[in-house]
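Below is one structure; the comments refer to it alone.
Every value quoted in this text rests on a predicted model; they were computed, and no experiment measured them. Residue indices begin at 1 and follow the sequence shown.
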Amino acid sequence: MLSCVFCKIIQGEIPAQKIYEDSFSLAFLDINPASKGHTLLIPKDHYELLSQMPENEYLAFMKTLQKVVKGLMKYTDGVNILQNNGKDAGQLVPHVHFHIIPRRPGDEIKIETWRTHHDPDLDKVQKVIQSLLKD
Ligand code: 5GP
Ligand code: ZN
């Protein structure tokens, strides 16, 4: 998709600090990192949502995710992997991407500390989501 900023990075129209590339995927540094080494991994083909990726591309992409994570786990001792899927989930760039965010002791990043709630409907929610997964 021509207007997509990540497609432009793939096509070399916008510069980026690339760190890994294979036939399906590209990893590069986020221009506004949450921490030093904050990496984005994208498929080279344009899909907005993870669910739109063909299975073969998705599987290859997941292999590459593990490879990039292994590398970053040598850079720091912990990383958060975050994938904002859909506008309601905070996805700003409509091209599938994983954030791999290196973590360090004492950093002020709050990804894992979301507020939790008691849900009296766990059994109902289970049934609804189970049935949605059947399609
Ligand atoms: P989202 O909220 O869609 O999950 O995150 C999009 C990410 O893409 C943001 O963290 C943002 O900093 C990054 N980003 C947006 N435009 C560019 C760009 O032109 N180059 C790079 N390297 N990162 C970008
Ligand atoms: Zn794109």
Side-chain angles (χ1 to χ4, degrees):
M1 202 197 263
L2 283 177
S3 62
C4 169
V5 64
F6 289 172
C7 284
K8 285 184 178 164
I9 288 174
I10 290 161
Q11 285 148 18
E13 290 170 31
I14 293 179
Q17 286 79 13
K18 297 180 184 177
I19 60 170
Y20 180 78
E21 187 166 6
D22 58 33
S23 49
F24 284 114
S25 338
L26 174 68
F28 55 96
L29 295 181
D30 193 304
I31 200 166
N32 288 129
S35 70
K36 212 171 258 307
H38 181 163
T39 296
L40 297 173
L41 176 67
I42 63 174
K44 285 189 169 171
D45 287 345
H46 181 94
Y47 305 102
E48 181 169 352
L49 302 173
L50 205 61
S51 50
Q52 294 166 343
M53 292 182 70
E55 191 179 63
N56 62 330
E57 282 186 53
Y58 175 73
L59 293 175
F61 189 52
M62 286 303 99
K63 248 176 121 170
T64 305
L65 175 65
Q66 191 189 39
K67 187 177 178 66
V68 174
V69 167
K70 277 183 183 170
L72 285 173
M73 286 296 288
K74 295 180 195 163
Y75 186 58
T76 58
D77 286 334
V79 301
N80 289 111
I81 300 163
L82 179 70
Q83 203 263 319
N84 297 329
N85 203 52
K87 277 199 189 85
D88 287 356
Q91 182 177 7
L92 296 176
V93 177
H95 183 131
V96 169
H97 53 282
F98 276 80
H99 296 259
I100 305 138
I101 302 174
R103 299 296 302 274
R104 297 170 181 84
D107 67 25
E108 295 286 309
I109 300 168
K110 304 280 185 217
I111 294 170
E112 71 281 18
T113 52
W114 56 72
R115 217 181 307 159
T116 60
H117 305 271
H118 171 72
D119 186 352
D121 297 326
L122 286 181
D123 289 337
K124 280 187 213 156
V125 173
Q126 175 194 23
K127 286 192 180 67
V128 171
I129 298 177
Q130 272 180 342
S131 68
L132 292 172
L133 259 68
K134 282 181 190 144
D135 300 333

Say whether V69 and Y58 are linked into one hydrophobic cluster, either directly or through other cluster members, by side-chain heavy-atom distances under 4.5 angstrom.
-> yes

Ring centres under 6.0 angstrom apart (H97, H99) | yes

Rounded distance (nearest 0.5 Å) linking atom CD1 of I9 with atom CD of Q17 | 9.0 Å

Write down the atom of I109, the atom of A34, and the distance for their closest heavy-atom approach.
-> CD1-O, 3.5 Å

From K127 NZ over to D121 CG, what is the distance, rounded to the nearest 0.5 angstrom?
-> 11.0 Å

Using the rule that two of Ile, Leu, Val, Met, Phe, Trp, Tyr join whenever any of their side-chain heavy atoms come within less than 4.5 Å, decide whether L133 and V125 are in one cluster.
-> yes

Under 3.5 Å, is there a donor-acceptor pair between the S35 and D107 side chains?
-> no

Counting heavy atoms not belonging to D77, are there more than 12 under 6.0 Å from its CG?
-> no

Inter-residue atom distance K8.NZ - S3.OG, 0.5 Å rounding | 6.5 Å

Which atoms form the tightest heavy-atom contact between H38 and N32, and what is the distance?
-> ND1-O, 4.5 Å

Does the K87 side chain pair with the main chain of P94, one donor and one acceptor, at a distance under 3.5 Å?
-> no

Inter- and intrachain pairs under salt bridge (Lys or Arg N to Asp or Glu O under 4.0 Å), touching residues 58-76, at least two apart | none

Between H95 and P43, is there a donor-acceptor pair closer than 3.5 Å when you use the side chain of the first and the backbone of the second?
-> yes

Would D30 and I101 count as a side-chain contact (heavy atoms from CB on, under 4.5 Å) if you check the C-alpha gap in whole Å, the side-chain angles of each, and the deciding distance to 0.1 Å?
-> CA-CA 10 Å; D30 193 304; I101 302 174; over 6 Å; no

Heavy atoms of other groups near E55 CD, more than 12 under 6.0 Å | no

Interatomic distance, L49 atom CG to N84 atom CG [nearest 0.5 angstrom] | 11.5 Å

In Å and rounded to the nearest 0.5 Å, what is the CD to OG1 distance from E21 to T64?
-> 11.0 Å

Hey, quick one: are V68 and M73 part of the same hydrophobic cluster, counting side-chain heavy atoms closer than 4.5 Å, chains of contacts allowed?
-> yes

Are F98 and L50 side-chain neighbours, meaning at least one heavy-atom pair lies under 4.5 Å?
-> yes

Single-linkage hydrophobic cluster V93~L29, side-chain heavy atoms < 4.5 angstrom | no

Any idea which heavy atoms bring L72 and P102 closest together, and the distance?
-> CD2-CG, 4.5 Å

M53 side, atom CE; L59 side, atom CG - distance, nearest 0.5 Å | 9.0 Å

Compare all side-chain heavy atoms of T39 with those of Y20 and state whether any distance is below 4.5 angstrom.
-> no

Decide if atom CZ of F24 counts as having more than 12 heavy atoms of other residues, nucleotides or ligands within a radius under 6.0 Å.
-> yes

Taking the side chain as every heavy atom from C-beta outward, state whether I42 and V96 have any atom pair closer than 4.5 Å.
-> no

Using modelled atom types only, decide if a donor and an acceptor are shared between the side chain of Q52 and the backbone of E48 within a distance under 3.5 Å.
-> yes

Evaluate whether atom CG of N56 has more than 12 neighbouring non-hydrogen atoms of other residues, nucleotides or ligands under 6.0 angstrom away.
-> yes

Is any side-chain heavy atom of I100 closer than 4.5 Å to a side-chain heavy atom of L65?
-> yes

Walk me through it: do R103 and T76 pass the test side-chain contact (heavy atoms from CB on, under 4.5 Å)?
-> CA-CA 7 Å; R103 299 296 302 274; T76 58; 5.6 Å; no

At their closest point, which heavy atom of G37 faces which heavy atom of Y75, and how far apart are they?
-> CA-CE2, 3.8 Å

Same hydrophobic cluster for I81 and L41, using side-chain heavy-atom links shorter than 4.5 Å among ILVMFWY?
-> yes

